[in-house]
Amino acid sequence: MDNRSEVRAFLTSRRAKVSPQQAGLPSHGRRRVEGLRRGEVAALAGVSVEYYTRLERGNLAGASDSVLDAIARALRLDGTETTHLHHLARAAATPPVRIRRVKTPEVRAPVRRVLEAMTGVPALVRDHRFDILAANPLAMALYAPMFAAGEVLPVNSMRFTFLNPHAQAFYPDWAQVAHSAVAALRIAAARNPHDQHLVNLIGELSMRSDPFRAWWAAQDVYVHQHGTKRFRHPAIGDLDLDYEAFELPGEQALTLLTYSPYLLRRTGQPLRRRPATPGRLGRA
C-alpha cells in the first residue's frame with residue numbers, strides 16, 4: 001500500500017466535506033475548491049500553510065499526536081476518522097519494509113470451545129482480512145449462502161459480499177452493508193499496510209467490482225462494533241439480528257462476532273421477537 005497516496009486522498013477527501021460555514025469561517029464569492037482551502041485548515045489547526053501542505057501531500061512522518069488531533073478538529077473528523085489518521089501517521093513513521101505474506105491467524109483451542117458452547121446464538125471468528133476462520137453451527141446455518149460451496153474455512157466475507165451473485169438477495173440492505181464493509185476494510189488496511197494477502201484482496205475487489213472501487217475511492221472509514229443487520233435467508237425468510245463484535249486479546253487481531261436472539265419478520269405481520277432454539281435458526 002502506498003501510504004503517501006493514502007494520506008493525500010484521505011485528507012483531501014475530508015477537507016472537501018467541510019464547508020466554511022461549518023467551520024465558522026466567512027465565505028465570500030465563488031470558491032475554486034470544494035470545502036475548505038488548505039490555508040483555512042492550517043489556520044484552524046494552528047499550523048503554517050507550508051506545514052499543512054506537506055502533511056496533506058502525504059508526509060505525516062514526524063507529526064505529533066497534538067498536531068494530528070488539531071487537524072482532526074479542523075476537519076471535523078469523528079472518533080473513527082481521527083484514529084484512522086493516527087494509524088496512517090504511524091505507518092508513515094515506520095521504516096519502509098517489503099510487502100510480505102502474513103500467515104493466517106490461528107484460532108486458539110479455548111476460543112473454539114467458547115464457540116462450541118454458544119449453542120443459542122450464531123457466533124463466528126474473523127481476522128482483519130474478513131476471513132471467517134471459525135463458526136458455530138448456527139453461524140454456518142445463518143450464512144448458508146456464503147458457505148454454499150462447502151464448509152471448508154476460511155471463507156472471505158468481502159468476496160461473498162461483492163463477488164457472489166447471491167449476496168444482494170441475502171442482504172436486503174446490500175448497499176449499506178457493502179459500503180460499511182469497504183469502510184471497515186480501509187481501517188484494516190491502514191493498520192496492516194504490509195500484509196500481502198490484504199493488498200491482494202483489495203486489488204482483486206477493485207478490479208472485479210465497480211461498487212467496491214467507487215466506495216474505496218471515497219475514503220470513508222467505519223468500525224463494526226454493534227448494530228442490527230437484516231438478512232433474507234433462502235430457507236427461513238427475513239431476519240433482523242442484533243450483532244456485537246468483540247476484539248479478542250492477543251497479537252492476531254481476531255474478532256468474535258455474535259448475533260442476539262433474532263427478530264423474525266413474516267409477510268403481512270408485524271416484527272416479533274422469537275427466542276432462539278438451540279441447533280436451528282427457526283422457521284418462517
Side-chain angles (χ1 to χ4, degrees), residues 1-23 31-38 40-41 44-45 52-53 55-60 68 71-92 126 128-130 156-164 167-168 171-193 195 198-230 245 255:
M1 303 290 288
D2 184 349
N3 178 264
R4 294 178 68 92
S5 65
E6 286 291 300
V7 171
R8 181 168 57 252
F10 179 68
L11 289 177
T12 301
S13 69
R14 299 308 96 173
R15 178 161 60 86
K17 288 179 175 291
V18 182
S19 68
Q21 292 80 6
Q22 289 174 315
R31 298 173 68 89
R32 292 186 299 171
V33 298
E34 186 177 3
L36 296 179
R37 301 185 180 98
R38 286 176 176 171
E40 291 169 334
V41 176
L44 290 169
Y52 177 74
T53 299
L55 296 180
E56 193 179 277
R57 285 175 176 170
N59 189 4
L60 284 183
L68 295 174
I71 291 172
R73 289 191 295 271
L75 294 176
R76 302 175 68 86
L77 303 187
D78 62 23
T80 300
E81 291 170 324
T82 300
T83 300
H84 182 64
L85 178 62
H86 281 267
H87 286 151
L88 291 173
R90 281 196 288 271
R126 71 182 182 211
H128 63 277
R129 306 180 196 117
F130 288 76
N156 188 271
S157 63
M158 289 288 176
R159 287 192 179 93
F160 171 74
T161 300
F162 288 97
L163 305 181
N164 191 300
Q168 294 197 29
Y171 296 121
D173 303 317
W174 181 84
Q176 176 183 341
V177 170
H179 187 188
S180 65
V182 175
L185 190 63
R186 179 166 287 285
I187 288 182
R191 291 178 175 176
N192 305 273
D195 183 339
L198 184 57
V199 172
N200 291 346
L201 174 64
I202 294 168
E204 176 189 357
L205 295 175
S206 297
M207 290 290 293
R208 299 178 61 186
S209 171
D210 291 338
F212 179 90
R213 185 164 56 251
W215 284 323
W216 185 258
Q219 295 288 323
D220 294 329
V221 290
Y222 179 76
V223 175
H224 291 85
Q225 293 179 326
H226 55 81
T228 301
K229 183 175 287 188
R230 298 177 62 216
T255 299

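In this structure a side-chain-to-backbone donor-acceptor pair under 3.5 Å is present from Asn156 to Arg129. Listed for the Ser180 side chain is a donor-acceptor partner under 3.5 Å among the backbone atoms of Val177.
Between the CG atom of Asn59 and the CG atom of Asn3 there is a distance of 9.5 Å, given to the nearest 0.5 Å. The CG atom of Asp210 lies 12.0 Å from the CG atom of Leu205; values are rounded to the nearest 0.5 Å. To the nearest 0.5 angstrom, Phe130 atom CZ is 15.0 Å from Phe160 atom CZ. Atom OG1 in Thr161 sits 10.5 Å away from atom CG in Leu185 (nearest 0.5 Å). To the nearest 0.5 angstrom, Leu85 atom CG is 12.5 Å from Thr80 atom OG1. Considering OG1 of Thr255 and CD of Gln225, their distance stands at 10.0 Å, rounded to 0.5 Å.
At a threshold of 4.5 Å between non-hydrogen side-chain atoms, the residues Leu55 and Leu68 do not count as touching. Looking only at side-chain heavy atoms (C-beta outward), Gln176 and Tyr171 stay at 4.5 Å or farther from each other.
Residues Val18 and Leu75 approach most closely at CG2-O, 3.3 Å, considering heavy atoms. Taking every heavy atom of both residues into account, Leu198 and Asn192 meet most closely at CD2-O, 3.9 Å. Residue Pro20 comes nearest to Gly35 through the heavy atom pair CD-O, 4.3 Å, listed as atom of the first residue, atom of the second, then distance. In this structure, Ala91 and Pro193 approach most closely via the heavy-atom pair CB-CG, 4.1 Å. Ala45 and Ala74 make their closest contact through N-CB, 4.0 Å (heavy atoms, listed as atom of the first residue, atom of the second, distance). When all heavy atoms are compared, the tightest approach of Ala189 to Ile202 is CB-CD1, 3.9 Å.
Using cut-offs of 30° and 60° on the angle between ring planes, the pair His224 and Tyr222 is perpendicular. The aromatic rings of Trp174 and Trp215 sit tilted relative to each other, their planes meeting at an angle between 30° and 60°.
Atom CZ of Arg208 has 12 or fewer neighbouring heavy atoms from other residues, nucleotides or ligands inside a 6.0 Å radius. Atom CD of Glu34 has 12 or fewer heavy atoms from other residues, nucleotides or ligands within 6.0 Å.
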Exercise. Given side chain to side chain contact (heavy atoms under 4.5 Å, CB included), test Val182 with Asp220 step by step and report yes or no.
Key: CA-CA 8 Å; Val182 175; Asp220 294 329; over 6 Å; no
Self-check item: Worked check of side chain to side chain contact (heavy atoms under 4.5 Å, CB included) between Met207 and Glu204
Solution: CA-CA 5 Å; Met207 290 290 293; Glu204 176 189 357; 6.0 Å; no
Practice problem: Start with the C-alpha gap between Leu88 and Leu11, add the side-chain angles, then the distance that decides, and say whether side chain to side chain contact (heavy atoms under 4.5 Å, CB included) holds. | Solution: CA-CA 11 Å; Leu88 291 173; Leu11 289 177; over 6 Å; no
Exercise. List the steps, then state whether side chain to side chain contact (heavy atoms under 4.5 Å, CB included) holds for Arg14 with Glu81.
Key: CA-CA 9 Å; Arg14 299 308 96 173; Glu81 291 170 324; 3.0 Å; yes
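The salt bridge (charged side-chain N to carboxylate O under 4.0 Å, His left out) test with Glu56 singles out one residue from Arg8, Arg37, Arg15, and that residue is Arg15. Tested against Glu6 for a side-chain hydrogen bond (donor to acceptor under 3.5 Å, both in side chains), the candidates Gln219, His84, Arg186, His87 yield a single pass: Arg186.
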